Amino acid sequence: MNIGIDVGGTLIKVASMENNVWNYCKFPVAQLENVATKINSLDAEHICLTGGKASLFESFMKRKPLHMVEFEATCLGTQYLLNKCDPSLEEYVLTNVGTGTSIHRVGKSKHERIGGSGVGGGTLLGLARLLTGQTDYKTIVHLASKGTRDRIDLKVSHIYEGAEPPIPGDLTASNFGRILNSLAAQEFTHEELLASVVGLVGETVATTSVLAGQKFGVTSVVFIGSTFIQNDLLKETVKSYTILRGALPIFVEKGEYSGAIGALLFGAAS
């Protein structure tokens, strides 16, 4: 058995391979010590860690694992997954939406981190708690999927009020900007507020990614990360806004495990 572990700011993602069969699982980072104990009990040939909390995870391990730089692990794992579904894609922007968002340019023979944003899954969870008191991820995603943003977000079409705008009217002019002309915030439902939070995160991620790609003449954007887990509304927001901005959005299955997969592949080859 070979094991790759991506220890992030919110989740621990584990990818393992035994007899050429892949297995995946994830845990809250609060269970870090318990997960390390479980890994200690396994008879693994190679264990490789990556992620911001990898060193902390190692402190609870009985054997010394290999380490891989997070960005390199993510790119290696993503390329592995892409080769299974679209091996012809040679150059793209890779956007990893975890607690925050990291953006990379991936080419035929190299990759580089070209930017990022503090807007990501941590923003989604943090604003959800501030605005609604909700802290459970599944509940937040479920409620957001039932909400609408019309009373909260100000669109370009709202500003021009029926006149022909110089840019697409569906673009958001100001996230949460329509509240200024609406009732008090307490009049909004949790579903509306959470849908608008997802919109803010998704539009920021998409816009930042497309602009980063334009700088290098790249029009394909591969989106991965734990914030997309069971979050169809975020996927749809990112997809539609990326297309609206003139780029091609690509989502890969198991993309949230890219870092763990990359670490496993690196460990198995060492």
Side-chain angles (χ1 to χ4, degrees), residues 2-17 21-32 35 39 48-54 57 68-86 89 92-104 106 111 113 116-117 119-125 128 136-142 144-145 198 201-202 204-206 208-209 221-239 242 249-267:
N2 292 304
I3 302 174
I5 306 171
D6 181 5
V7 192
T10 304
L11 293 174
I12 302 169
K13 282 83 67 179
V14 181
S16 62
M17 178 187 281
V21 176
W22 285 93
N23 292 288
Y24 306 97
C25 55
K26 58 183 180 294
F27 309 89
V29 75
Q31 297 180 15
L32 186 147
V35 175
I39 297 298
C48 185
L49 303 180
T50 191
K53 293 187 180 295
F57 190 93
M68 187 177 189
V69 176
E70 180 180 359
F71 301 144
E72 294 181 359
T74 300
C75 289
L76 178 61
T78 300
Q79 192 59 53
Y80 174 85
L81 293 173
L82 277 173
N83 286 340
K84 297 171 64 176
C85 62
D86 189 1
L89 188 61
Y92 52 91
V93 169
L94 172 60
T95 297
N96 185 9
V97 189
T99 305
T101 298
S102 184
I103 302 175
H104 309 254
V106 181
H111 62 80
R113 187 178 187 274
S117 170
V119 176
T123 310
L124 172 60
L125 295 174
D136 179 70
Y137 175 79
K138 289 184 179 180
T139 301
I140 291 168
V141 170
H142 174 71
S145 69
V198 170
V201 172
T204 301
V205 165
T208 305
S209 301
V221 185
V222 177
F223 293 99
I224 62 170
S226 56
T227 313
F228 291 112
I229 298 174
Q230 298 178 341
N231 197 342
D232 291 338
L233 178 60
L234 180 63
K235 281 186 177 180
E236 182 54 40
T237 301
V238 168
K239 177 181 178 181
T242 301
I250 300 169
F251 296 89
V252 291
E253 187 177 0
K254 301 297 184 183
E256 65 270 23
Y257 291 99
S258 293
I261 292 170
L264 184 152
L265 295 173
F266 175 79

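Fair warning: this is a prediction, and the values are worked out from it, not measured in the lab. Along the sequence shown, residues carry numbers from 1. Every heavy atom of this structure was used, including side-chain atoms; hydrogens, water molecules and symmetry mates were not.
- Atoms NZ and CD, on K53 and E70 in that order, are 11.5 Å from each other to the nearest 0.5 Å.
- Partners of Q79 according to the side chain to side chain donor-acceptor pair (under 3.5 Å) rule, which considers only residues two or more places apart in sequence or in another chain, are N83, Y92.
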*Are L89 and V222 close enough, and set up right, to give a side-chain contact (heavy atoms from CB on, under 4.5 Å), and what steps lead you there?*
CA-CA 10 Å; L89 188 61; V222 177; 4.0 Å; yes

Could you tabulate the donor-acceptor pairs under 3.5 Å formed by side-chain atoms of residues 223-233, not counting sequence neighbours?
unit_1: T227; atom_1: OG1; unit_2: V97; atom_2: O; d: 2.9
unit_1: T227; atom_1: OG1; unit_2: G98; atom_2: O; d: 3.0
unit_1: T227; atom_1: OG1; unit_2: G121; atom_2: N; d: 3.4
unit_1: N231; atom_1: OD1; unit_2: L234; atom_2: N; d: 3.2
unit_1: N231; atom_1: ND2; unit_2: T227; atom_2: O; d: 3.3

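- How far OG1 of T50 is from CG of L264: 12.0 Å, rounded to the nearest 0.5 Å.
- Between A73 and A263, the shortest heavy-atom distance links the atoms CB-N, 4.0 Å.
- When every heavy atom of L94 is checked against every heavy atom of C75, the shortest pair comes out as CD2-SG, 3.9 Å.
- If you take CD1 on I5 and SG on C48, they are separated by 9.0 Å, rounding to the nearest 0.5 Å.
- For residues 4-16, the pairs satisfying salt bridge (charged side-chain N to carboxylate O under 4.0 Å, His left out) are D6-K13, with sequence neighbours left out.
- Heavy-atom minimum distance, I12 versus Q31: CD1-C, 4.4 Å.
- The side chain to side chain contact (heavy atoms under 4.5 Å, CB included) check on T208 picks up I103, T204, with sequence neighbours excluded.
- Every residue two or more places apart in sequence or in another chain was checked for a ring pair (Phe, Tyr, Trp, His ring centres under 6.0 Å) with F266, and none qualifies.
- Of all the heavy atoms in L125 and I140, the pair that sits closest is CD2-CD1, 3.8 Å.
- Across all non-hydrogen atoms, the minimal contact from M68 to L76 is CE-CD2, 3.9 Å.
- No donor-acceptor pair closer than 3.5 Å links the side chain of S102 to the backbone N or O of N96.
- In plain terms, the two heavy atoms of I261 and G77 that are nearest each other are CG2-CA, 4.0 Å.
- Under the side chain to side chain donor-acceptor pair (under 3.5 Å) criterion, S16 pairs with no residue at all, not counting sequence neighbours.
- Screening V14, V7, L11, L32 for a side-chain contact (heavy atoms from CB on, under 4.5 Å) with F27, the sole residue that qualifies is V14.
- Scanning for side chain to side chain donor-acceptor pair (under 3.5 Å) contacts around S209 gives T95, with sequence neighbours left out.
- Within the structure, side chain to side chain donor-acceptor pair (under 3.5 Å) contacts touching residues 252-266 (residues at least two apart or in different chains) are T78-S258.
- In this view, T99 and T10 satisfy the side chain to side chain donor-acceptor pair (under 3.5 Å) rule, not counting sequence neighbours.
- Under the rule for a ring pair (Phe, Tyr, Trp, His ring centres under 6.0 Å), H111 has no partner lying at least two apart in sequence or in another chain.
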